[in-house]
Amino acid sequence: MKKVLLFSILVLTTLSVFAYETIIIHFPDGELWEPAYYKKRGNQALLQYVPGGETSNIWTRSIVVHSYNENESPATYFAQREIRKMLRINPNGKYKTIKSTENDAMFTRCTEPYNEVTPHCEFLRITRAHGGIVTIQYMNRDKKDFENNYTLWFEVIKDARLMNSYYRSERTFDKSMYFEL
């Protein structure tokens with residue numbers, strides 16, 4: 001019995017190491033969003049999506065996905081740390097909590113101009129992944145547009161899903177709609 005249990009634990013541990021985790025974002029119909037920036041370093045990966053024709057530096061709206069592998073912090077603790085970091089960048093505009101659980105938290109805010117930082121409105125979601133934490137941040141530099149499309153973008157960010165698969169070939173999604181963590 002001990003040999004079978006040990007083998008099962010070894011197999012489960014080995015399988016989780018080779019698993020592929022993907023984030024799936026369903027962008028609004030009729031809108032073309034493209035990856036503008038990607039960088040993977042150590043146990044972190046960062047991807048920025050912008051509307052077609054915009055760049056990582058010149059954008060009107062942006063979605064930034066940041067994964068932190070092997071982070072054991074609860075989403076709420078990690079959220080507090082991320083919010084403190086963002087408030088140092090621009091202290092104008094306090095975050096309003098939309099949802100806060102140990103595995104998933106979501107916030108929103110609008111900022112005013114501060115030093116060289118362009119004002120924007122945003123949704124910030126922090127969620128537990130299989131191997132760590134993922135943040136998903138939607139930013140819009142047009143406050144009126146953000147307000148007019150609040151429900152649409154709230155749903156897009158809220159409905160972003162993580163998929164954990166053991167085989168890369170299971171990924172049959174359009175590459176513009178997923179991000180490998």
Side-chain angles (χ1 to χ4, degrees), residues 5-6 8-28 33 35 37-49 61-111 120-140 146-147 149-168 170-171 173 177-181:
L5 182 58
L6 179 59
S8 298
I9 291 171
L10 181 60
V11 169
L12 290 174
T13 306
T14 304
L15 288 176
S16 67
V17 169
F18 295 110
Y20 296 98
E21 195 150 27
T22 301
I23 187 159
I24 305 162
I25 301 172
H26 293 283
F27 295 102
W33 284 73
Y37 179 84
Y38 176 77
K39 184 170 188 167
K40 190 167 187 169
R41 184 173 46 174
N43 65 353
Q44 294 184 34
L46 181 74
L47 174 76
Q48 179 187 23
Y49 280 104
R61 297 176 295 156
S62 177
I63 292 179
V64 175
V65 178
H66 197 161
S67 70
Y68 304 83
N69 290 328
E70 301 177 23
N71 188 312
E72 299 300 322
S73 303
T76 51
Y77 172 78
F78 195 84
Q80 292 170 2
R81 193 173 80 190
E82 284 299 296
I83 287 172
R84 280 193 303 270
K85 185 170 38 172
M86 301 231 200
L87 287 172
R88 281 193 299 270
I89 295 169
N90 186 340
N92 295 316
K94 302 297 180 208
Y95 281 93
K96 176 184 170 193
T97 303
I98 297 172
K99 175 184 182 179
S100 182
T101 69
E102 189 171 312
N103 293 316
D104 201 28
M106 193 164 170
F107 309 89
T108 187
R109 78 169 177 163
C110 287
T111 65
H120 67 275
C121 294
E122 69 181 286
F123 286 112
L124 173 63
R125 181 174 172 208
I126 298 162
T127 190
R128 166 86 23 225
H130 177 73
I133 293 277
V134 175
T135 66
I136 309 159
Q137 185 179 24
Y138 167 74
M139 296 170 283
N140 188 330
F146 181 83
E147 291 169 349
N149 294 292
Y150 183 92
T151 303
L152 170 72
W153 284 101
F154 168 77
E155 292 295 326
V156 168
I157 300 305
K158 177 183 75 73
D159 292 343
R161 294 285 175 250
L162 298 169
M163 179 183 145
N164 192 39
S165 66
Y166 293 105
Y167 304 101
R168 190 179 294 258
E170 286 181 353
R171 299 197 186 137
F173 305 108
M177 294 178 61
Y178 77 84
F179 170 53
E180 188 173 304
L181 302 176

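All values below come from the heavy atoms of this structure, side chains included, with hydrogens, waters and symmetry mates left out. None of these values were measured; they are calculated from a predicted model.
Atom CD1 of Ile126 and atom CG of Asp104 lie 9.5 Å apart (nearest 0.5 Å). Taking CD from Gln48 and CD from Gln137, the interatomic distance works out to 10.0 Å, rounded to the nearest 0.5 Å. Considering CG of Asn90 and CE of Met86, their distance stands at 11.5 Å, rounded to 0.5 Å.
Evaluation of the salt bridge (charged side-chain N to carboxylate O under 4.0 Å, His left out) rule for Lys94 yields no partner, not counting sequence neighbours. Under the side-chain contact (heavy atoms from CB on, under 4.5 Å) criterion, Glu147 pairs with Lys143, Lys144, not counting sequence neighbours. For Asn149, the side-chain contact (heavy atoms from CB on, under 4.5 Å) partners are Asp145, Leu152, Trp153, not counting sequence neighbours. Applying the side-chain hydrogen bond (donor to acceptor under 3.5 Å, both in side chains) criterion to Arg109, with sequence neighbours excluded, gives Tyr95, Glu122. Applying the side-chain contact (heavy atoms from CB on, under 4.5 Å) criterion to Arg41, with sequence neighbours excluded, gives no partner residue. Residues passing the side-chain contact (heavy atoms from CB on, under 4.5 Å) test with Lys96, sequence neighbours excluded: Thr108.
Nearest heavy atoms, Tyr49 versus Pro35: CD2-N, 3.4 Å. Closest approach of Thr101 to Thr76, counting heavy atoms only: O-CG2, 2.9 Å. Listed here is the closest heavy atom pair of Ala45 and Tyr38: CB-OH, 4.4 Å. When all heavy atoms of Ala105 and Ala75 are compared, the pair lying nearest together is N-CB, 4.5 Å. Among all heavy-atom pairs drawn from Ile98 and Phe107, the shortest one is CD1-C, 4.1 Å. Between Phe123 and Phe154 the shortest heavy-atom distance is CE1-N, 3.5 Å.
Without hydrogens or angle criteria, Asn43 side chain to Asn69 main chain gives a donor-acceptor distance under 3.5 Å. Although no hydrogens or angles enter the test, the distance criterion places a donor-acceptor pair under 3.5 Å between the side chain of Arg125 and the main chain of Lys158.
Below 30°, between 30° and 60°, or above 60°: for Phe146 and Tyr150 the angle between ring planes is above 60°, a perpendicular geometry.
Under a cut-off of 6.0 angstrom, the local environment of CD in Glu102 is sparse, with at most 12 non-hydrogen atoms contributed by other residues, nucleotides or ligands.
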Next item on the list: Please test His26 against Asp159 for side-chain contact (heavy atoms from CB on, under 4.5 Å), starting from the C-alpha separation and ending with a verdict.
Entry: CA-CA 8 Å; His26 293 283; Asp159 292 343; over 6 Å; no
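The shortest distance between side-chain heavy atoms of Tyr68 and Thr135 falls below 4.5 Å. A 4.5 Å side-chain heavy-atom check between Ile63 and Phe27 finds at least one atom pair inside the cut-off.
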